Number of protein chains: 2
Amino acid sequence: MPQETFFNLPDNKRNLIISAAMHEFSKNNYKTASINKICKKANIPKGSFYQYFTDKLDLYVYIMSFAIEKKVKFFSDVISKFNTLTMFKQLRLLFVKGIEFAKKYPLYAELGEQFSKEHDELAKSAVIKAGDKQAQSLFMQMICNAKMKGEIDGNVDSFALCLLLKTLNSTVNEYMLEKSGNACCVYSEEELLSFVDSLLKIVFYGILNKT
Amino acid sequence: MPQETFFNLPDNKRNLIISAAMHEFSKNNYKTASINKICKKANIPKGSFYQYFTDKLDLYVYIMSFAIEKKVKFFSDVISKFNTLTMFKQLRLLFVKGIEFAKKYPLYAELGEQFSKEHDELAKSAVIKAGDKQAQSLFMQMICNAKMKGEIDGNVDSFALCLLLKTLNSTVNEYMLEKSGNACCVYSEEELLSFVDSLLKIVFYGILNKT
DNA sequence: TGACAATATGACCACGTAGTCATATAATAA
DNA sequence: TTATTATATGACTACGTGGTCATATTGTCA
């Protein structure tokens with residue numbers, strides 16, 4: 001956690017530091033992100049930085065928790081409506097909300113994606129990975145629910161489906177953030193939504209020709 | 001491309017350098033991989049290294065092309081048999097072959113995964129990404145074929161399916177390399193194969209309850 | 001005003017990086 | 001043996017990194 005000194009800072013100065021750190025951590029992973037660059041971007045001397053934060057990890061945890069909290073709050077209201085919906089509609093809502101989030105807060109979304117790919121064990125564990133675990137258990141909960149209701153085939157491997165949904169979610173996110181290295185890129189929101197529908201249709205109905 | 005000097009080296013010395021570089025690039029991305037560490041691991045002085053390779057990128061391209069070529073060759077024989085198989089069997093064969101490859105050449109598989117995640121544009125473009133593009137177009141070819149044969153539903157979004165298969169492939173690979181951050185890990189080959197089947201069943205038959 | 005505490009600052013440290021280059025050694029040819 | 005060429009070597013440069021610390025500045029209270 002940052003020192004009191006940091007929170008006593010005038011709002012604009014504090015926000016400038018946060019903004020600079022968010023930009024740096026959204027474009028780089030923990031190791032390659034540079035404190036020097038953050039200081040320069042925020043127009044503060046190195047010494048000041050270390051008056052506000054104990055070290056690099058301190059800042060990283062602060063920024064990432066920030067982004068994760070933002071995302072969790074953003075999704076909380078749609079999740080509360082889940083018990084009235086079918087799993088298809090739940091998933092669709094989740095994906096659509098994800099796209100909305102990435103559009104509204106692209107920086108936070110990028111931070112989340114960056115964190116989900118973080119390799120540094122120290123940094124990863126320090127952020128408690130509460131957010132990530134939450135997402136996985138959310139999918140698992142949805143699957144169990146849908147199975148109990150008889151919505152989806154009970155023979156479907158829950159774990160495989162959970163992983164599939166998780167990777168799909170990440171894929172859609174990357175797509176939204178235009179980070180995808182694929183040649184053919186989806187740009188308009190309409191196209192993106194129909195892309196989500198295509199994915200969900202595959203998962204729900206399968207690709208086999210039934211005729 | 002490495003200098004002639006490198007190829008004139010005695011086999012064991014040259015292979016030691018290649019091995020050291022493969023290990024370093026399999027555990028680190030382009031930026032964080034260290035020439036110093038490679039030299040130490042291969043027991044060669046820094047000066048010698050720069051007699052063999054013009055720079056870091058030169059080595060990176062050489063090693064990655066090496067790994068990609070190995071993978072392409074490994075898959076070539078199964079792909080040649082594709083025209084006699086259904087798409088389900090094609091995909092299953094592809095995934096199984098992928099698992100086999102990762103088991104037989106874990107280092108090469110790790111290099112491939114590392115490369116597919118490489119963020120550095122310079123390094124990425126230098127390797128021509130021929131391997132990656134090839135994989136994507138292979139999936140697309142399979143999809144078109146299966147559609148023409150009437151094997152899979154013509155209404156399925158080919159592009160979405162292609163992306164889905166690509167991410168699934170990557171997921172299975174990561175799984176195999178035990179790099180997955182998931183709590184529940186699959187270890188035995190039997191479990192892994194049944195996991196692949198579970199995924200393919202979802203994709204082909206969907207998860208919707210038909211009763 | 002004077003005294004004390006909170007904060008601001010940038011030169012500095014130890015380390016790691018990619019890459020260079022003059023010199024030393026070995027191999028080859030005359 | 002001598003001259004020439006190919007290779008081996010590690011100290012070196014310039015730069016970037018996270019982090020420190022003595023000093024300078026500011027704010028606050030008596």
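Note that these values count all heavy atoms, side chains included, but never hydrogens, waters or copies made by symmetry. In this text, all values refer to a predicted model and were calculated from it rather than measured experimentally. Per chain, numbering begins at 1; letters A, B, ... match sequence-line order.
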Below 30° counts as parallel, above 60° as perpendicular, anything between as tilted: where do the rings of Y62(B) and F6(B) land?
perpendicular
Parallel, tilted or perpendicular, judged at 30° and 60°: which one describes the rings of Y105(B) and Y108(B)?
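Correct class here is perpendicular.
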What residue pairs, at least two apart or across chains, pass ring pair (Phe, Tyr, Trp, His ring centres under 6.0 Å) with a residue in residues 7-26 of chain A?
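For residues 7-26 of chain A: F25(A)-Y60(A).
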When we call it a touch if two heavy atoms are under 4.0 Å apart, what does L9(B) touch: a base, just sugar-phosphate, or nothing?
sugar-phosphate
How is Y52(B) classified with respect to the nucleic acid when contacts are heavy atoms under 4.0 Å: base, sugar-phosphate, or nothing?
sugar-phosphate
Measure [atom1]/[X] against [atom2]/[N] and give the value in whole Å, please.
X: K31(B); N: dC15(D); atom1: NZ; atom2: P; result: 16 Å
X: K40(B); N: dA18(C); atom1: NZ; atom2: P; result: 11 Å
X: R14(B); N: dA8(D); atom1: CZ; atom2: P; result: 12 Å
X: Q51(A); N: dT26(D); atom1: CD; atom2: P; result: 15 Å
X: E24(A); N: dG16(D); atom1: CD; atom2: P; result: 14 Å
X: N29(A); N: dG18(D); atom1: CG; atom2: P; result: 12 Å
X: L57(B); N: dT17(C); atom1: CG; atom2: C1'; result: 16 Å
X: N28(B); N: dA18(C); atom1: CG; atom2: C1'; result: 15 Å

For E100(A), what residues pass the side-chain contact (heavy atoms from CB on, under 4.5 Å) criterion, not counting sequence neighbours?
F74(A), K97(A)
Can you list everything that forms a side-chain contact (heavy atoms from CB on, under 4.5 Å) with V61(A)? Sequence neighbours excluded, please.
L57(A), S65(A), A126(A), V127(A)
Look at the side-chain N and O atoms of Y50(A) and state whether any lies under 4.0 Å from the OP1 or OP2 oxygen of dG19(D).
yes
Any side-chain N or O of N8(B) less than 4.0 Å from the OP1 or OP2 oxygen of dT7(D)?
yes
Name the atoms and distances for all side-chain donor-acceptor pairs under 3.5 Å in residues 37-50 of chain B, with sequence neighbours left out.
residue	atom	partner	partner atom	Å
K46(B)	NZ	N36(B)	OD1	2.9

With DNA chain D as reference, determine whether F49(B) or I35(A) sits nearer its 5' end, using the nearest nucleotide of each.
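Closer to the 5' end of DNA chain D: F49(B).
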Per-nucleotide protein contact string for nucleotides 10-16 of chain C (B base, S sugar-phosphate only, - none; heavy atom under 4.0 Å):
B------
Side chain to side chain donor-acceptor pair (under 3.5 Å) against N145(B), all qualifying residues, sequence neighbours excluded:
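N145(B) satisfies side chain to side chain donor-acceptor pair (under 3.5 Å) with no other residue.
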